Amino acid sequence: MSKAVIEFTDFSFTYRAQQEPTLRGITLSIHEGEKVLIVGPSGSGKSTLAHCINGLIPFYYPGEMSGSLQIMGQEQNGQSIAALAETVGTVLQDPDGQFVGLTVGEDIAFVLENGEVPQQEMTKRVEAAARAVDVHELLAASPQELSGGQKQKTMLAGVLVGNVDILLFDEPLASLDPYTGTKTIELIDRLQRETGKTAIIIEHRLEEVLHRPVDRIIVMKDGAIAGDLPAAKLLSSSLLAEAGLREPLYLTALKYAGLVITPDMQPQHLDQLRMEGHADRLQQWMDSCAEESEVLEASPLLELREVSFGYDRDKEVLHRLSMTVNRGEMLAIAGRNGAGKSTVSKLICGFYRPSSGTILLNGRDISRDTIKERAEKIGFVTQNPNHMISKTLIYDEIALGLKLRGIPEDIIRGRVYEVLKVCGLHELREWPVSALSYGQKKRVTIASILVLEPEVIILDEPTAGQDYRHYNEIMEFLRGLNSRGITVIMITHDMHLMLEYAQRTIVLADGKKLADDRPERILTDRAVVERANLKETSLFTLAVKAGVGQPEELVRRFIAFDRRVRHK
Amino acid sequence: MKQVAKKDILSIRTIVAVGIGSALFVILGRFGSIPSGIPNTNIETTYALLALFALLYGPVAGLLIGLIGHTLKDAIFYGSPWFSWVISSGLVGLIIGLLVAGISIQDGEFGRKEIIRFNLAQIAANAIAWFAVAPTLDILIYAEPANKVFTQGLIAGAANIVTVGVIGTLLATAYAKTRTRQGSLRKLN
Amino acid sequence: MKAQMLTFTNQDSPVHRLTGATKLIVFAVWSVSAMITYDTRCLILMLLISLVIFRISRVRFQDYAFVLYFILFFFLLNQLAIFMFSPLEGTQIYGTRHDLVHLAGRYTVTAEQLFYQFNIALKYAVVIPMALLFLLTTDPGEFASSLNRVGVHYKIAYSVSLALRYIPDIQRDYENIAFSAQARGIDISRKEKLPARLKNIVSILLPLILASIERIEKISTAMELRGFGNGRKRTWYRGRPFTRRDYLALGMILAIAAVSAVVTFYDGSRFYSIF
Ligand SMILES: Nc1ncnc2c1ncn2[C@@H]1O[C@H](COP(=O)(O)OP(=O)(O)OP(=O)(O)O)[C@@H](O)[C@H]1O
Ligand SMILES: Nc1ncnc2c1ncn2[C@@H]1O[C@H](COP(=O)(O)OP(=O)(O)OP(=O)(O)O)[C@@H](O)[C@H]1O
Ligand SMILES: [Mg+2]
Ligand SMILES: [Mg+2]
């Protein structure tokens, strides 16, 4: 066996601000050239573990350490962040926070500049690294001109250029559209194989990471290691469910069909999955859970007619876009990074005015209404909850909009309390907002809009960066709202979310409407999927592989069945 | 584990705070100026930001944000920096930073005593910068009439004192509240 | 709330080809010279030179037109204010008095005042083209290395670069925050009374500042991880070496500054008088 490059022995760590240790009794070794995936619910200590490897702990985030951690055979706390940076290259979750250069070239060169590499050598190395990740034509582009995927590639090149031995990725896929996410995983895999470097990936999106093989998966729970095993074994065990994580959808489908997953079936990748003799079971199960598809009566609530818009005069983002939102539905809007999804919602709310076309609400043209007037009917929840929260106490935050409308205090109190209950925040009403988790903050922002009693609520990426438990919490909550008659529009990159919760999906591409249909039909339509950077659902691939009669039907029935199972 | 002391006056955090603080100064300087109701005097929210950053990140950051932020704002939006006011902005950041050095707002400490201290500091800083330094520099550099520049300085200084006094104090108090409870409440979870 | 700003556009001209450091020095020395001198002859000569250079640079009118109007407006306002506050400033400076028109009260237009304000106008006219040129022809990517070359500590130079990098991002944050605040009924226009307006401003500023503080934390960890600030120096990917052209430009600016200083102070006064 090759030598261990990272070796934790009975390692624990407590942040200075915390009373309890965040990592406890970690014993783990990672060997040269290995590719390891770390999963675990939010707050389980994954990032903390990564910070120990790259030296942010204890040099940037101070705290109490015990046990031993060796990186390349040397004690970690005898080194410095700078020394460790020569061995470990880190790619963090948020590309905007890491992209410090004014252009792609400068950003890739950053680590070389700091190492005082002469300019000529630097130019060559930057060029080579950019070529390796295929951004060499963008060296002069500024971060504002790049898509999410291109930014992520630049980050990767910025790490590769330094010749590190260990590549560390903390949620590299968050905020990427599914296609770009898949491409990133392929890129990481290719680089890792070509260079033989050690790679450690932390990620919530298990199914997407497993698109390419990994050597081992480490499951973290409450700061300890709950499992350390190959993907095939993990997926055949109940460990994921116990840790509150989501398994790949195709496996859930097989389980519903009554199959028992074993490591020999090669469950870690759909292409290798062996289900000889089991295929009929799937067909049988599908036949057994036949069900009429629900038909919604459609009465239009919000209509966009031939809307065009551009932030700059010479660049149109939306071209004569027409779409309808029906009363009482749950609608998803999907499309690649930069397709104009957020722009549509900003136009609906009146933040910007379309250059041509009209927007109708309840059949009335609202082009002349102000932001405030529209807000009485349409609530908008921004992607980043921190952009909305402006009070320190939850109660004040939710009451803010009502106070500004001059509603008397006693009525406000009643309405806020009611909304607090609906949003599951009632017990926390006295808390300061800063004590909440991201998901809870998100719910506070939803509550602060809900209390204004809008007819439509628009959410920009409601579940980005959330683990499965919080994802469920938020989405079930939205479904509850929907069943009370509120129309919900969700902008999302999450194909599962679309399948499970949306009754209809509108796909945008290049500022136009590319498709408008039930999500299971959209996600099984190869042409649409390709053009909009979406991803075919693995259920569909499974159905085709198993030779099931109507693959789309399987997807639809699975979703319906799954919903019933999870609601029991 | 011993903590690595960040004695360096130009720590990375300070450098980044200067960069982001200057960018904020530029944006608020351009968009965040709000009519006060008194003719020709605006509420320049950007000085509330400067005071808060001086309080959070210290005198060096305050000085540099004032200098860099103001230069960039003038240059990018108005074509040419007005140096006497650039220097005065830097001075405001520096003096506030120096006078409030003892307040550890990072730990959520911002009660009545700190509010008074912060306001005395900002009044002193704004008074020195706008009542004395900016007009004097205007005369020395641009040879403008004394009574004009002193009147301008008086109005600007008074407006800034009120702006920082109200908005700066509210912001600092709100920020302090986001700090205190974090450690104490998280355990209840 | 889209605002136009002066930005670098990549073109080719002798001015564009100078290094950022040269342009920075030229701009600084030029501004200081123009500010010091009240010698009309020097100012007129400098104005001519700056217009010639402006021609050579081939920057396009549309790239700076919008600030020009702004500058003109500000400039008129300032001229008016000077006259309002000190109608006899010129008389004081030049020590003579030639009345032209009496307006009202203490307001009399004198030849000296007109000449004094003409000089102020000239000073603007001399500095503005160079300032515009500096902004329009200097690549921001090269700017930090230029600052570093003229003696600014590299860390401070880098914070300028960070500011330039994040201005667009922070502007977008600000727009998003301000718009969603408006949607909830937070009004900061004249319609609100002052106390309410102040409170509402805080409701917009607080999220912006908290988000920015978080951003500072993220960026500093990322920079820390990529080895910033270890060495006493750093090299620059976009740095450019000085060429003959740069030395020539620097020589010229120093000569102009020296001549202007000598001419200005030759007779012991900053002010050149025709009276
Ligand atoms: N700087 C810090 N100071 C104090 N506590 C911290 C700090 N950073 C993280 N923690 C705490 O440590 C715990 C683990 O956090 P960590 O970021 O490692 O989780 P994670 O597994 O990466 O979660 P996620 O999937 O949400 O990124 C959390 O409870 C968090 O509150
Ligand atoms: N405030 C703005 N000013 C100028 N251009 C903008 C602005 N906001 C967005 N854009 C540009 O408009 C286009 C569409 O952006 P939009 O945010 O609507 O995309 P999106 O579909 O929401 O993408 P994502 O999935 O990455 O959130 C992009 O090219 C973007 O760069
Ligand atoms: Mg994490
Ligand atoms: Mg978006």
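This one's a predicted model, so the numbers in the text were calculated from it and none came from an experiment. Throughout, a chain's letter reflects where its sequence line sits, starting with A, and its residues are numbered from 1.
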Using heavy-atom distances under 4.5 Å, tell me whether [X] contacts chain A through its side chain, its backbone, both, or neither.
X: C:Asp169; result: both
X: C:Tyr154; result: neither
X: C:Glu214; result: side chain
X: C:Ile186; result: both
X: C:Asn200; result: side chain
X: C:Ala183; result: both

**Item:** C:Tyr166 vs A:Val100 side-chain heavy atoms within contact, under 4.5 Å
**Value:**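 Side chain of C:Tyr166 against side chain of A:Val100, heavy atoms only: contact under 4.5 Å found.
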**Message:** Within the structure provided, determine whether A:Pro143 and C:Arg165 are in side-chain contact (heavy-atom separation under 4.5 Å).
**Reply:**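 In short, these two side chains touch, coming nearer than 4.5 Å.
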**Request:** Taking the six-membered ring for Trp and the single ring otherwise, decide whether the centroids of A:Tyr61 and A:Phe59 are under 6.0 Å apart.
**Result:**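 So the answer is no for these two rings.
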**Request:** Give a yes-or-no answer on whether the side chains of A:Ser142 and A:Glu145 include a donor-acceptor pair shorter than 3.5 Å.
**Result:**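 Yes, A:Glu145 and A:Ser142 have a side-chain donor paired with an acceptor closer than 3.5 Å.
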Among [options], which residue has the highest count of heavy-atom pairs closer than 4.5 Å to chain A?
options: C:Pro207, C:Pro168, C:Ser220, C:Ala144; answer: C:Pro207
options: C:Ile216, C:Ile177, C:Leu206; answer: C:Ile177
options: C:Asn10, C:Leu208, C:Asp173, C:Ile204; answer: C:Asp173
options: C:Ala196, C:Ser203, C:Ala222; answer: C:Ser203
options: C:Arg172, C:Glu217, C:Lys199; answer: C:Glu217

Quick one: does [X]'s side chain have a donor or acceptor within less than 3.5 Å of a partner on [Y]'s backbone?
X: A:Ser345; Y: A:Ser342; result: yes
X: A:Glu116; Y: C:Arg234; result: no
X: C:Asp63; Y: C:Val59; result: no

**Prompt:** Just how far is it from atom CG of C:Leu225 to atom CG of A:Leu84, taken to the nearest 0.5 Å?
**Reply:**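 That separation rounds to 9.5 Å.
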